[in-house]
Amino acid sequence: MTQKLHTILITFLLFIFGLFCIFPPDYATAAETKERPKIGLVLGGGGAKGAAHIGVLKVIEELKIPVACIAGTSMGAIVASLYASGMSAAEIEKVLTTVDWDDIFSDNPPRKDIGFRRKQEDLTYLSKISVGIKNDKVQMPKSLIAGQKIGIFFETLLLPVSQIEDFDQLPIPFRAVAADLETGEMVLLGSGSLAAASRASMSALGVFPPAEVNGRYLTDGGIVRNLPVDVVREMCAEVVIAVDVGKPLSKREDLGSPIAVMNQMIDIMINQNVQAQIDTLGDKDVFIRPELGSITSVDFQRGKEAVDQGEQAARLKEKELRRYSVTDEAYAVFAAKHHREKVSIITAGSVTVEGLSVVSPEAVASKLKISQGDSLDIQKLKEDVGLLYGMGDFERIDLQFKPNGDKYDIILRPKEKSWGPNYLRMGINLESDFDGDNNYNIGVDYTMRWMNRLGAEWKNQLQFGSAKGIFSEFYQPIVPSRLFFVAPHGTWMQDNVNVYHENNIIAEYRLRTLEGGIDFGIQPWTYGEVRIGYLGGFIKPKLMKGTLGIGEGRINQGALTLKVVADQIDNVNFPHEGYFGYVKLYSSLRDVGADNNYNKIEVSFLKAFTYKKYTILGSILLGSYIGNQIPYYDEFSMGGFFALSGLHEGQLRGQRLGLGRLITYWNAHQSLLGNFYLGGSVETGNVWQKDEETEFKNMRLSGSVFIGYDTPFGPFYLGFGHAGGGNSAVYFYLGQTFGRQGGSL
C-alpha cells in the first residue's frame, strides 16, 4: 500500500512538472505586478499653456505607463479631469484644440438667440456694459467672464461619468486644487460634480467669478499649490510625474506698468509654491517643463503648438519614463478600465429648475421645452441652455446630469445676477463732418426688470446734448412665456432741424414733442415682434433762424401705429451674418385726435454676408406717404455718413425716400479689446418732394471709405464721403450707426 501511494505521488509530481514545462508561468509579469510602483501624475496650472499637458499624456500612453492617480490645478485640473474621466490624450487634443475659445469665453449666446428686448438695447448708442442698482448701491459684475459656456462645455464632456460623485471611483482617481478666497487655505476637491470642481480650480481672480462649492468661496488653486506634488503622494503615488507649465518671472524692462507689476507679484507667489513642490521630487520621480516660448496663458488659439511642445519635452525624458512602462497585456487591462464611451444623445428623465428667487420658473420652462422621454442631442441642449442665458437675467446657468436607469435626470441651476434685477447703462454719441455740422448726445438707461412674476419691465431713458429727450415704457407680458404683451409708454423730445437749399442752411426750427400711447404686441421668442397701438400728444414747432413758412401753434397728434420687426443679425456694430428688417406704418387720423390726416409707411431690410474676413452688407430703405401728403415736421430726411455720404446730416427732406447700399469691410486685426476694420460703401438714393420727381433717373450716387474700430462703447469710424455734385465730407463718428446701414427702428 505504501509503495502504491509512493508511485501515485511521483506520477502526480511528474504531471505537474510537465505542465510547468509546457505552460511556464510569467515570472516577469508576476514580479512586475508586485514591484511596479504606483504612478501619480501632476498637471500644473498655466492657462492656455496647459495644452502642453496633452502632449505629455500622448507620450505616457505611447510608452504604456498606467497612471494610478492624478491631480491638477487650474488648466491642469481641466486636462486631468478629462483624462481621469476616461478620455484618451488624442480625444482631449481634438476637443481642446478645435473648440472656438473666443466663443467659449464670450459667455453670450449668438445674438440671434438673445431675448428680443435685450437685442433692442443694442440698437442704441448706449454702452453694452451695465451696472446694477441694488439696495440703493451701485453693484458691478464680479468678473470679466461669467464662465457660462465653459461650464456647460465641460459638463457635457464629462457626461459619461456624471453618476460618479466620489472622484476615487473615476477610471483614474482625481483631485482638483482650489483656494478658499476667504481663508487662503488650499482646498482639495475629491467629490461632487467633476465639472464644477475643475471649473472652481481655474476660477482665475478677476477673470472668472469665484465658485461656491460645499459652502466655500473658491478661486484658482494656483495661488496656493500650482504644482500639487504632495497631493498625489497622499493619494497613491510612489513615483510622481510632474508637469510644470508656469511662466518665468518678467525682467525689469518688462515691468513698466502697474498691471505688469501686479502680475509679477502674483507670479512670484505662484513660483515660490511651485519651487517648494519641485524640491520634494526624488531620483525616481520625473519632472517635465515644456519650453513654451512666446505662448502665453491667454493664447488658447495656439493650443496645437503647446501640445507639440509638451510632447517634445516628454520625449526628452523618455529614458526616465520608460522605467515605468508595462507590458502590452498589463497596459491593455489599464486601458480597458480607463476607457469611457462618448455620449452624444441621451433620453431625458425629469427636468428640475432650482435656485430661482426673482425670475419666474414658468418663464424658464417656456424657453426650455423638454418632456420626460425626449431624445436629446447634447449639442442642441447646450444651445437651448444658451437661450435661457440670453434672457439676460443670469450670471450663469449650471447644468447637471444624473443617470436614472436608461435616462438622465436634468437639473438646471440658474444663478440670478447678484447685481440685478435693476440695471443702469450709459453711453455717448459723437459725430462731426468737420464742416460745422457737429452733434453729441449723452444717454442714460435705467431698467427695472421682473417687477412681477410675469416679467414686467419698466424702462426709463434720458438723453441730453444736441437732442434732448425722456422716454418711459412699462412692458407687461400677459402670459409666462412673454409671447403676448401690453406696453404703455410716453416720450418728451426736443430737437433742432436744419433746412437746406442745396448745400446751405437757410433756416432752423425747433420741435418739441410730447407723446403718450399704448401698444399691444406679440413677441415670437427671439425673432422679433409685432406691435399695434395708439399714439397721441402734441408738437410745438418754433422757428429759430431764417425764413420758413411754418406756424408756431400747437399741433395735435393722434395716430394708429403698426410696427413689425425681424432681428436675426449677429452684431449691430459690424454685422457679419444674418438679417434685419422692419415695416412701420403711422396713420394720423382726426377721428383719434390729430389735426392732420395722413399715412406714412417705411420699409427697411438688411442682409449680411461674410467670406473669411470679408463682409458685404446689402440694404434697402423705402418710405412714402399714402393719401394726403406728410406735413413738414414729419417728412423723410437723408444725408450724412452711410446715408448718401458726402452730404450733410439731414440735408435732403421730402415726401418719398429711396436708398440702396452696399457696404463692405475687411477685418484687418482682431484683439480682445475689439476688431479693426477697413471698408467702403456705394450708396444710391434720393428724397423726393413731388410725385413726378420720383424716378430712378433722379437717384443720387455717393460712396465712402472708412476705418472702423469695434469698441465697448460702440463702433468708431473715421471716414471720407463723396456725393455727386461735388459734395464731399470727412466724418468722425462714435456711436451706433446701425440706422445708417438701413436697420434703424
Side-chain angles (χ1 to χ4, degrees), residues 108-124 348 351-353 356-372 374 376 380-394 397 410 412 414 416-417 420-423 445 447-459 471-489 517-535 560-570 572 578-585 605 743 745:
N108 285 326
R111 187 178 177 276
K112 65 183 180 65
D113 294 335
I114 292 175
F116 183 74
R117 287 191 65 79
R118 305 289 75 84
K119 288 182 182 178
Q120 286 183 303
E121 294 173 343
D122 290 347
L123 300 176
T124 70
V351 180
T352 307
V353 179
L356 293 177
S357 60
V358 176
V359 180
S360 165
E362 292 81 10
V364 172
S366 71
K367 291 281 187 181
L368 193 70
K369 295 180 179 178
I370 300 175
S371 299
Q372 189 164 343
D374 286 351
L376 299 178
K380 178 64 168 57
L381 181 59
K382 287 195 289 186
E383 294 172 1
D384 289 345
V385 174
L387 290 176
L388 295 181
Y389 191 76
M391 293 172 64
D393 299 303
F394 307 114
I397 300 175
I410 300 171
L412 289 167
E416 294 166 339
K417 288 182 176 178
N422 305 325
Y423 303 95
D445 178 302
T447 302
M448 302 170 68
R449 300 187 199 168
W450 290 99
M451 299 187 69
N452 55 42
R453 296 300 288 174
L454 289 175
E457 295 185 9
W458 187 14
K459 179 176 286 291
F471 170 78
S472 183
E473 178 188 70
F474 190 84
Y475 166 84
Q476 177 61 67
I478 300 174
V479 293
S481 67
R482 303 206 271 186
L483 180 61
F484 302 101
F485 65 90
V486 59
H489 54 85
I518 186 169
D519 291 336
F520 299 89
I522 180 171
Q523 195 176 101
W525 302 283
T526 64
Y527 295 100
E529 71 174 14
V530 178
R531 290 186 179 221
I532 58 173
Y534 166 78
L535 186 66
L560 301 179
T561 62
L562 168 68
K563 183 166 67 174
V564 181
V565 182
D567 185 351
Q568 289 287 280
I569 206 73
D570 69 327
V572 296
Y579 61 87
F580 184 99
Y582 68 83
V583 176
K584 292 194 296 183
L585 178 63
F605 185 77
L745 289 177

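Values below: every heavy atom of this structure, side chains too, minus hydrogens, waters and symmetry copies.
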K.L.:
Atom CD1 in Ile370, atom CG in Leu412: separation rounded to 0.5 Å?
P.N.:
7.0 Å
K.L.:
Would you check, one step at a time, whether the test side chain to side chain contact (heavy atoms under 4.5 Å, CB included) holds for Tyr582 with Lys563?
P.N.:
CA-CA 7 Å; Tyr582 68 83; Lys563 183 166 67 174; 5.5 Å; no
K.L.:
Do Val353 and Pro414 make a side-chain contact, defined as non-hydrogen atoms from C-beta onward lying under 4.5 Å apart?
P.N.:
yes
K.L.:
Would you say Leu376 and Ile410 make side-chain contact, with heavy atoms under 4.5 Å?
P.N.:
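Yes, at least one pair of side-chain atoms sits under 4.5 Å.
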K.L.:
Run the side chain to side chain contact (heavy atoms under 4.5 Å, CB included) check on Leu562 and Val530 step by step: do they pass?
P.N.:
CA-CA 8 Å; Leu562 168 68; Val530 178; 4.2 Å; yes
K.L.:
Search all heavy atoms of Phe474 against all heavy atoms of Ala456 and return the closest pair with its distance.
P.N.:
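Shortest heavy-atom contact: CZ-CB, 3.8 Å.
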K.L.:
Specify the closest pair of heavy atoms between Phe394 and Val364, including all atoms of both residues, with the distance to one decimal.
P.N.:
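Taking Phe394 first and Val364 second, the nearest heavy atoms are CZ-CG2, 4.0 Å.
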K.L.:
When you measure from the centre of the six-membered ring of Phe580, is the NZ or CZ of Lys119 under 6.0 Å away and within 45° of the axis?
P.N.:
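Ring-cation test returns no.
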K.L.:
Over 60° means perpendicular and under 30° means parallel, so classify the ring planes of Phe485 and Tyr475, tilted if in between.
P.N.:
tilted
K.L.:
What distance separates Asp567 CG from Tyr527 OH, expressed to the nearest 0.5 Å?
P.N.:
12.5 Å
K.L.:
Taking the side chain as every heavy atom from C-beta outward, state whether Pro477 and Arg453 have any atom pair closer than 4.5 Å.
P.N.:
no
K.L.:
Is it true that Ser357 and Glu416 share a donor-acceptor pair across their side chains at a distance under 3.5 Å?
P.N.:
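Short answer, yes.
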K.L.:
Check whether the side chains of Asn452 and Gln476 place a donor and an acceptor atom closer than 3.5 Å, and report yes or no.
P.N.:
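Their side chains do contain a donor-acceptor pair, which is all the 3.5 Å distance test asks for.
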K.L.:
Arg482 side chain to Ile522 main-chain N or O, any donor-acceptor pair under 3.5 Å?
P.N.:
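Pair absent, no side-chain N/O of Arg482 close to backbone of Ile522.
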K.L.:
Could you tell me whether a side-chain N or O of Thr526 sits under 3.5 Å from a main-chain N or O of Lys112, the two making a donor and an acceptor?
P.N.:
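Yes; judged by distance alone, with no hydrogens or angles, the pair exists.
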K.L.:
Check whether more than 12 heavy atoms from other residues, nucleotides or ligands sit under 6.0 Å from atom CG of Leu454, and answer yes or no.
P.N.:
yes
K.L.:
Using 0.5 Å steps for rounding, measure from the CD atom of Glu457 to the CE atom of Met448.
P.N.:
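Reported value, rounded in 0.5 Å steps: 11.0 Å.
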K.L.:
Do you know which two heavy atoms are closest between Tyr579 and Phe605, and how far apart they sit?
P.N.:
CB-CZ, 3.8 Å
K.L.:
What's the spacing between Met391 CE and Lys367 NZ if we round to 0.5 Å?
P.N.:
6.5 Å
K.L.:
Do any N or O atoms from the side chain of Lys417 and from the backbone of Gly392 form a donor-acceptor pair under 3.5 angstrom?
P.N.:
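Yes; at least one donor-acceptor contact below 3.5 Å.
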K.L.:
With the side chain counted from C-beta on, respond yes when Glu121 and Thr447 share a heavy-atom pair under 4.5 Å apart, and no when they do not.
P.N.:
yes
K.L.:
Ignoring hydrogens, what is the shortest heavy-atom contact between Pro480 and Ser366? Give both atom names and the distance.
P.N.:
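Residues Pro480 and Ser366, closest heavy atoms: O-OG, 4.3 Å.
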K.L.:
Closest heavy-atom contact between Arg111 and Leu123?
P.N.:
NH2-CD2, 4.4 Å
K.L.:
For a quick test of reading the model, state the closest non-hydrogen atom pair linking Leu483 to Pro524 and the distance between them.
P.N.:
CD1-CA, 3.8 Å
K.L.:
List for me each residue that meets side-chain hydrogen bond (donor to acceptor under 3.5 Å, both in side chains) alongside Arg531, sequence neighbours excluded, and say none if there are none.
P.N.:
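side-chain hydrogen bond (donor to acceptor under 3.5 Å, both in side chains) list for Arg531, sorted by chain: Glu473, Asp519, Glu529.
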K.L.:
If you measure from CD1 on Ile518 to CG on Leu535, what distance do you get to the nearest 0.5 Å?
P.N.:
12.0 Å
